[in-house]
Trainee: 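Would you mind keeping the following structure in view while I ask a few things?
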Amino acid sequence: MLKGKRIILGVCGGIAAYKSVELLRLLKKAGANVKVATTKSALEFVGEMTFSVLSENDVMTDLFGDNLAKSANSNNSKDFSVRHIEWAKEADAVVIAPATANIIGKLANGIADDALSTMMMAVTAPIILCPSMNTQMYENRAVQRNLDILEQDGILILEPGTGELACKTSGAGRLPEPEIIFDRVLKLFCQKDLKDKKILISAGPTRESIDPVRYISNHSSGKMGYAIAEAAEKRGALVTLVSGPVSISPPFGVNLINVESAKEMADAMIKELDDSDIIIKVAAVADYRPLMAQENKIKKCQRETGSLSIDLVENPDILQMIGKMKREDQFLAGFAAETQNLDNYALEKIEKKNLDMIVGNIVGIKGSGFQADTNKVKFFFKDGSTYDIPLMDKLQVAHKLLDHIIPRVTKG
Ligand code: PMT
């Protein structure tokens with residue numbers, strides 16, 4: 001997604017400057033053309049050579065000297081360009097990580113007294129600022145005031161994380177991990193065709209307790225549902241993700257509601273339903289639960305017959321319940337994992353559960369369905385149209401799904 005994008009990475013003097021090297025690597029790996037501009041103090045933490053080698057570009061550390069460069073595409077020896085203006089003009093995005101109290105103060109107050117701050121005055125591209133400093137400094141009223149100003153100016157401020165800091169204290173001020181900053185850069189370049197749409201997604205398995213140590217569940221990893229949440233958030237949606245127990249991290253920027261059982265999932269979904277424009281039920285919900293979850297662990301010696309029977313009762317069909325409750329202006333999509341007769345079962349479910357669409361998910365073939373990173377799906381809409389999607393990465397499937405849903409929720 002970043003192929004050919006021109007990104008300026010601004011680095012200021014803080015211990016977290018070492019993380020900017022990893023961020024640079026991620027940006028380059030994604031195909032971006034990255035140029036690094038540092039403050040003088042940044043070079044006390046990471047050498048110019050590191051940024052230069054990894055970015056495969058000159059590094060801007062100073063306004064003078066080499067930085068008054070001759071314009072590359074000019075034959076006129078008198079036609080000099082000023083590098084910090086050239087860089088600012090060319091940039092598709094600027095990320096400052098770490099951003100110190102000093103650069104934050106300068107940018108908020110229009111002070112341009114070194115290469116980075118002077119270049120920033122000329123930048124018109126989107127800017128992401130990643131503050132990182134000691135907690136007292138970060139919470140200082142002047143710093144907070146300056147951050148407010150920058151936010152009002154349209155700069156995206158990435159809140160620092162909380163944890164142990166280099167100054168041996170603990171609190172807010174840690175630079176977010178490079179992967180998170182990278183993810184926010186990716187979002188800048190995503191089309192925002194779901195801007196302000198509220199999307200409710202369920203993902204993962206449910207767990208139905210047998211006793212305090214055992215449960216009934218299934219193999220859902222949450223990958224498919226989380227990929228849809230990630231894609232929707234990047235496209236500007238306000239995403240609520242109701243998730244059964246999974247071991248993957250939630251996408252950045254989504255409202256995560258953790259649940260265990262089908263009953264808890266039903267309660268959470270129904271609570272959020274009214275406030276949702278699009279509902280996508282990806283979760284693999286256990287159809288049955290033990291009639292009674294035992295209070296104490298079932299001991300082997302209790303089973304005198306050598307066998308154990310557990311009475312199961314049916315769980316609520318959440319999708320069907322939502323189908324009955326949904327308003328005309330809400331779009332409801334379900335998933336159906338099938339090993340055979342995909343078309344018949346999928347169409348049956350659209351009808352029975354009052355859905356706008358169903359995603360038929362072929363399981364039982366390599367690289368598709370539960371746990372896999374890729375998926376093979378077919379979209380069925382209630383108007384009868386169908387789309388067979390080739391095997392692809394789950395995030396790509398997620399974008400394809402949204403591509404098909406969006407015209408249906410935004411028309412008229
Ligand atoms: O999580 P991954 O490892 O990435 O795997 C993804 C997936 C295979 C779980 C996913 O793509 C998928 O196919 N999910 C649906 C699983 C399924 O078999 O659903 P179902 O046929 O039992 O139910 C159909 C629909 O009804 C689903 O939308 C389900 O969420 C919903 N349902 C089912 C039962 C129930 N009690 N309540 C429900 O809401």
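Ligands are counted one by one from 1 in listed order, and the atoms in each one are counted from 1 as well.
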Trainee: Could you tell me whether ligand 1 has any atom less than 4.0 Å away from a heavy atom of K353?
Mentor: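 It does, in that a heavy atom of K353 comes within the 4.0 Å cut-off of ligand 1.
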Trainee: What's the shortest distance from atom 31 (C) of ligand 1 to any protein heavy atom, and which residue and atom give it?
Mentor: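 Nearest neighbour among protein heavy atoms for atom 31 (C) of ligand 1, to 0.1 Å: L319 CB, 3.7 Å.
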Trainee: Which residue and non-hydrogen atom of the protein lie closest to atom 20 (P) of ligand 1, and at what distance in Å?
Mentor: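 Ranked first by proximity to atom 20 (P) of ligand 1 is K349 NZ, 4.0 Å.
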Trainee: Measure D287 to ligand 1 on non-hydrogen atoms and call it side chain, backbone, both or neither using the 4.0 Å cut-off.
Mentor: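 Looking at D287 and ligand 1, just side chain atoms fall under 4.0 Å.
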Trainee: Would you say the side-chain atoms of T50 pair up with the backbone N or O of V46, donor to acceptor, closer than 3.5 Å?
Mentor: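 Between the backbone of V46 and the side chain of T50 there is no qualifying donor-acceptor contact (under 3.5 Å).
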Trainee: Looking at ligand 1, would G222 count as a contact under a 4.0 Å heavy-atom criterion?
Mentor: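 Yes, that is the case, since the closest heavy atom of the residue is under 4.0 Å from the ligand.
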Trainee: Please answer whether the main-chain N or O of K376 pairs with a side-chain N or O of S368 as donor and acceptor at a distance below 3.5 Å.
Mentor: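 Between the backbone of K376 and the side chain of S368 there is a qualifying donor-acceptor contact (under 3.5 Å).
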Trainee: Determine whether the side chains of T100 and N102 contain a donor N or O and an acceptor N or O closer than 3.5 Å.
Mentor: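 No - no donor-acceptor pair under 3.5 Å links their side chains.
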Trainee: Does the N or O separation between V285 and ligand 1 drop below 3.5 Å for any pair?
Mentor: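 No; the residue has no nitrogen or oxygen that sits under 3.5 Å from a nitrogen or oxygen of the ligand.
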Trainee: Measuring from the heavy atoms of K394, does anything fall under 4.0 Å of ligand 1?
Mentor: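 Heavy atoms of K394 do come under 4.0 Å of ligand 1.
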Trainee: Could you check whether any side-chain N or O of S52 sits under 3.5 Å from a backbone N or O of E48, counting only pairs where one atom can act as donor and the other as acceptor?
Mentor: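 Here the side-chain-to-backbone pair does not exist.
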Trainee: For E338 and ligand 1, does the shortest N/O to N/O distance drop below 3.5 Å?
Mentor: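 No, E338 has no N/O under 3.5 Å of an N/O on ligand 1.
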Trainee: Tell me, which protein residue and heavy-atom name are nearest atom 8 (C) of ligand 1, and how many Å apart are they?
Mentor: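 Residue, atom and distance for the closest contact: N361 OD1, 3.6 Å.
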Trainee: May I ask you to identify the nearest protein heavy atom to atom 27 (C) of ligand 1, giving residue, atom name and distance to one decimal place in Å?
Mentor: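 Here the closest protein heavy atom is F335 O, 2.9 Å.
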Trainee: Side chain of S20, backbone of A16: donor and acceptor closer than 3.5 Å?
Mentor: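 Such a contact is absent between S20 side chain and A16 backbone.
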Trainee: What protein heavy atom is closest to atom 14 (N) of ligand 1, reported as residue, atom name and distance in Å?
Mentor: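 Scanning the protein heavy atoms, the shortest distance from atom 14 (N) of ligand 1 goes to V282 O, 2.8 Å.
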Trainee: Mark yes or no for whether K187, through its side chain, and K234, through its backbone, hold a donor-acceptor pair below 3.5 Å.
Mentor: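 Checked: no pair found.
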Trainee: Sort out for me which residue in K281, K382, R327, R408 forms a salt bridge (charged side-chain N to carboxylate O under 4.0 Å, His left out) with D356.
Mentor: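 Single salt bridge (charged side-chain N to carboxylate O under 4.0 Å, His left out) partner of D356 among K281, K382, R327, R408: K382.
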Trainee: Specify the protein heavy atom at minimum distance from atom 1 (O) of ligand 1: its residue, its atom name, and the distance to 0.1 Å.
Mentor: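 Of every protein heavy atom, S220 OG, 2.6 Å lies nearest to atom 1 (O) of ligand 1.
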Trainee: Checking K394 side chain against G369 main chain: does a donor-acceptor pair fall under 3.5 Å?
Mentor: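 A pair under 3.5 Å: yes.
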Trainee: Identify the closest protein heavy atom to atom 18 (O) of ligand 1: which residue and atom is it, and at what distance?
Mentor: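 Here the closest protein heavy atom is A337 CB, 3.4 Å.
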Trainee: Check each of M269, K223, K281, M224 against atom 6 (C) of ligand 1 and report the one with the nearest heavy atom.
Mentor: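 Among M269, K223, K281, M224, the closest heavy atom to atom 6 (C) of ligand 1 comes from M224.
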Trainee: State, without any angle test, whether S243 and Y226 hold a side-chain donor-acceptor pair at a distance under 3.5 Å.
Mentor: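 Checked: S243/Y226 side chains pair up, N/O donor to acceptor below 3.5 Å.
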Trainee: Are N361 and N375 linked by a side-chain donor-acceptor pair shorter than 3.5 Å?
Mentor: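 Yes - a donor-acceptor pair under 3.5 Å links their side chains.
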Trainee: When you measure from the side chain of S202 to the backbone N and O of A283, does any donor-acceptor pair fall under 3.5 Å?
Mentor: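 Present.
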Trainee: Is R174 reaching over with its side chain to a backbone N or O of E164, donor-acceptor style, under 3.5 angstrom?
Mentor: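 Checked: pair present.
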Trainee: Is S202 in polar range of ligand 1, meaning some N or O pair under 3.5 Å apart?
Mentor: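 N/O-N/O distance under 3.5 Å: no.
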Trainee: For atom 37 (N) of ligand 1, grab the closest protein heavy atom and report residue, atom and distance to one decimal in Å.
Mentor: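 Going by distance alone, atom 37 (N) of ligand 1 is nearest to I318 N, 3.0 Å.
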Trainee: Is A283 close to ligand 1, meaning an N/O of one under 3.5 Å from an N/O of the other?
Mentor: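 Right, the criterion is met.
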Trainee: Below 3.5 Å, N or O to N or O, backbone or side chain included: is there any such pair between P316 and ligand 1?
Mentor: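 Yes; at least one N/O pair falls below 3.5 Å.
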Trainee: Considering only heavy atoms of G334, which atoms of ligand 1 have at least one such atom less than 4.0 Å away?
Mentor: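 Those qualifying, in numeric order: 28 (O).
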Trainee: Could you see which bit of Q371 sits under 4.0 Å from ligand 1, with heavy atoms only: side chain, backbone, both or neither?
Mentor: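 Contact part for Q371 vs ligand 1: backbone (N, CA, C, O).
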Trainee: Taking N or O atoms only and a 3.5 Å limit, does A336 qualify as a polar contact for ligand 1?
Mentor: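 No; the residue has no nitrogen or oxygen that sits under 3.5 Å from a nitrogen or oxygen of the ligand.
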Trainee: Say whether, by atom type as modelled, one donor and one acceptor occur between the side chain of T38 and the main chain of T61 under 3.5 angstrom.
Mentor: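 No: the side chain of T38 does not pair with the backbone of T61.
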